[in-house]
2 protein chains.
Amino acid sequence: MIELHPEKKMPLYEQLYNALAQDIRSGALQPGKALPGRRTMAAQLGISTNTVDTAYQMLAAEGLAVTRPRSGFFVQETGGMLHTRPQHSVVPAPKATPKNTVSNQDDILYDLSTGSIDTSLFPARSWGRIQKELMYQRPELLQRGDMQGDENLRAQIAAYLGEYRGVDCTADQVVVGAGVEYLLGCLAHLFAGSTAAVENPGYSRTRAVLENNGIPCVPVEIDESGLPIRALEQSGANLCYVTPSHHFPTGVTMPAPRRAQLLAWAAAKPGRFILEDDYDSEFRFATRPLPSLQGMSGANGPVVYLTTFSKSLAPGMRIACMVLPQGLLERYQSDFSMYANTVSRYEQQTLCEFMANGYFARHIARMRLTYKRRMEAFAAALHAGLDPDLTLAGAHSGLHFLLTLPGAGGEQAMVQAAAKQGVRLKGLSEYYMQDAAHCRPDTVVAGYSGLQAEDIPAAAAALSRAWRQMSHSII
Amino acid sequence: MIELHPEKKMPLYEQLYNALAQDIRSGALQPGKALPGRRTMAAQLGISTNTVDTAYQMLAAEGLAVTRPRSGFFVQETGGMLHTRPQHSVVPAPKATPKNTVSNQDDILYDLSTGSIDTSLFPARSWGRIQKELMYQRPELLQRGDMQGDENLRAQIAAYLGEYRGVDCTADQVVVGAGVEYLLGCLAHLFAGSTAAVENPGYSRTRAVLENNGIPCVPVEIDESGLPIRALEQSGANLCYVTPSHHFPTGVTMPAPRRAQLLAWAAAKPGRFILEDDYDSEFRFATRPLPSLQGMSGANGPVVYLTTFSKSLAPGMRIACMVLPQGLLERYQSDFSMYANTVSRYEQQTLCEFMANGYFARHIARMRLTYKRRMEAFAAALHAGLDPDLTLAGAHSGLHFLLTLPGAGGEQAMVQAAAKQGVRLKGLSEYYMQDAAHCRPDTVVAGYSGLQAEDIPAAAAALSRAWRQMSHSII
């Protein structure tokens, strides 16, 4: 029996989350069991459905629960080798590259594609001031720097990743580079002759970079816990690229048991490695994310940790980093000894001061709060316009969510109808590299990080108009 | 008969250069013929040996004459398939990577390694001001930009390369990237399955990058006109990496006939390409350099033009670019469509404004003048201390020269003796990737771009002390 205490300082949704999480972890709530419907739970506890929804989304973000369209939330299967796949209706596989049907950019009023940021949140004055001071006062930064990146920046990054992401590393192991694509290219050299399993759906960019660099990729279909180990084993790959904190684009969090299995897979044979892309872990809104896989496996485990500052600073600044285990580090240092680092030293040092003086932590905290409010406002506006059919998933982490709306004519129709109302977004099946047969139907991916706060009601209203009409005309 | 006119505005060395260049081009001075000794020529014309030396160095920089240690200057062979190699005495091949014998960095007073710049010449105020304005006024630069680089920057670069280097291209063909290494990595993908001929001696960095990316390299020994075509043909390579404007590190300029042969080599079979690295063509002190090979071959010829802003701006800022012919461009755009550009958009746009508003041209002109004076002062100080045995080569282009001093115990002894006097420089044989049997003996590579003007007399004096003593103790 769950008891909530409105008089306590802890918000009700967090109390509910804690109670449910404890029951799931203790086994009182069994794997696969349906959680009570939001309305039922809300009525039982005398709280709002929004509060219940938030707690459920937090469970999903933690990998403790999964959401299934039209069915609600279920306790996560414990990630055993046997897992049940949600019973999706089968949608036809999309064409190779389904094009966005919007041809004229001018028609786009609201861009919900992923990968933008709200530039008004960037602390341009602080950044510009630090950069200008460095330009005037530190002419030695004009000279070539350390091939792995400036040491003081690497030390800041190592400390930050250790504190916030449980990454187990020293500054020596950190390599700074001009974007994850560049670093993946370096890794492809270190892993020459390997085959990589990549998540399907997933980042087609990763696949393109690895294959451009001679690493064949096998897309492996994810389930509700992320990349399934049996399929990974069957793929024959010795490399595994994963986004365990927040699977792109579905938002699935890989739960701890699956993580342990993944590490066991890597440990089972020499030469197996995991590439962990922790691309937007800063944006976890309710709880701290699980620590990184890298941290679970230790400083010299078979995990390369990758992350980018594209979301936490700006995609227009090209700064990313990776953490190499010792054995790989030695090969990297030997094979790349002739290379200059790819990031301007002024931007490296600006970021270093930004981190050392607390600007970065404050900036992240401010962005997290702003994006959280925006997500909540957008979700609420969408629910108001499209309930009871709408399901949101993956909202409590990252900067996009999945939006499932049965009865609106299917994914393609949803994308096209949205475009007619001036909203750009992509169907979930577009993120599949092959075989979208198990793609969750009626689902689109909506990024809100490029959306201005004041545009939220209008963007939600445009989507409601787009899809309400269709669902009315179809039903 | 050469006549000089001291009353004319044109400097005497330039008049002498023009007269000799005309005689060489007309055939009045035949290929292979020795030019009169500097003292003889100076006495004949009633001018200083310095003036003669300058004119001779200019001829060498233009590829019209070659210098041979202890023998003086000779009219360039016309670059036919048959060429004579200067009769060097054979020096033993160096070990794989001869280490600089200086272990303690603190002992270094004067660093004559190549690749540094004089940071005091950098217009930090203008650059910093532009960058700060952009940071405050153009938040859209925080977002992801064009994969090839921002279009307005590419247009500036195309115009600049067209005007100053005779490069025949539009902005569409320009690709901006974070350093030549990065761009070479992209090219390695486009040329997968190729074998590359690289200059020996030459940039071991280029070889490392190409081989890291799966392109085997065959070092081809250069002669006094640069890369010989017969050896290139014999190498079996279909790619050819060259530094025709100013061979690294010898300073040899590839003369026009050899260039024509090189282009004919590329045209002879489909799939042959030339990678032209024009790494420091801004620093030609007396005359304009020959236009680029790319310009000779035309916008869609078999030449990829590469250059860097490491010398013209700063090595700490990672900006380089390449110009692709149309066929390669299409493959590049298709294979790299998922990639973000590797250069920060703020640095791209700062450079763009810097170029558009004339800062860049003025900066280059100022650096050229400063470095020229520095080179002249350094050369004069070295001559004063070490004549008559000293020969300098490659002084009139680029930011380093070769310094040959017979009787000082050979290259290794010269490097070690210099180090004892606090001067860091490398022996020429260290730039050989294999088979340094034909390495010019008694020769070191001296970069002066990182040397402060006020340190020149002392650095030259240190070298004189180092090598005079040895030559006295040995002879």
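First the proteins, then the strands, lettered A, B, ... as listed; each starts at 1. These numbers come from a predicted model, not from an experiment.
No part of A/S120 comes within reach of chain B, as not one of its non-hydrogen atoms sits under 4.5 angstrom from that chain. With a threshold of 4.5 angstrom between heavy atoms, A/V343 approaches chain B through N, CA, C or O but not through any side-chain atom. For chain B, the nearby part of A/L141 is the backbone; its heavy atoms alone come within less than 4.5 Å.
Annotation: the span from A/D118 atom CG to A/Q452 atom CD amounts to 4.5 Å, rounded to 0.5 Å.
Of the listed residues (A/N212, A/T342, A/N341, A/I319), the one with the most heavy-atom contacts under 4.5 Å to chain B is A/N212. Interface remark: of the candidates B/R345, B/R129, B/H189, B/R144, B/H189 forms the most heavy-atom pairs closer than 4.5 Å to chain A. Of all the listed residues (A/R125, A/R205, A/M317), the one sharing the greatest number of non-hydrogen pairs under 4.5 Å with chain B is A/R125. The most heavy-atom pairs under 4.5 Å with chain A, out of B/A178, B/C186, B/G177, come from B/A178. Most heavy-atom pairs under 4.5 Å with chain B: of the set A/Q131, A/Q143, A/K132, this distinction falls to A/Q143. The residue among B/A208, B/G145, B/A340 with the most heavy atom pairs within less than 4.5 Å of chain A is B/A340. With chain A as partner, the option from B/M338, B/E347, B/Q348 having the largest number of non-hydrogen pairs under 4.5 angstrom is B/M338. For the set B/T119, B/V209, B/L142, the entry with the most heavy-atom pairs within less than 4.5 Å of chain A is B/L142.
The number of heavy-atom neighbours closer than 6.0 Å to CD of A/Q434, taken from other residues, nucleotides and ligands shown, is above 12.
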Fill in: Audit row: B/E199, B/R207, salt bridge (Lys or Arg N to Asp or Glu O under 4.0 Å) steps and yes/no
CA-CA 9 Å; B/E199 298 159 326; B/R207 185 186 185 180; over 6 Å; no
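Among the candidates B/D277, B/D280, B/V198, B/T206, the single residue satisfying the side chain to side chain contact (heavy atoms under 4.5 Å, CB included) test with B/T243 is B/D277.
Ring centers of B/Y339 and B/Y332: at least 6.0 Å apart, outside the cut-off.
A cation-pi arrangement is present between A/K426 and A/Y431, with the terminal nitrogen or guanidinium carbon under 6.0 Å from the aromatic centre and inside a 45° cone about the axis.
For the 3.5 Å distance criterion, the side chains of B/D150 and B/Q349 qualify, holding a donor opposite an acceptor.
Of the possible polar contacts, one joining the B/N200 side chain to the B/M433 backbone as a donor-acceptor pair under 3.5 Å is found.
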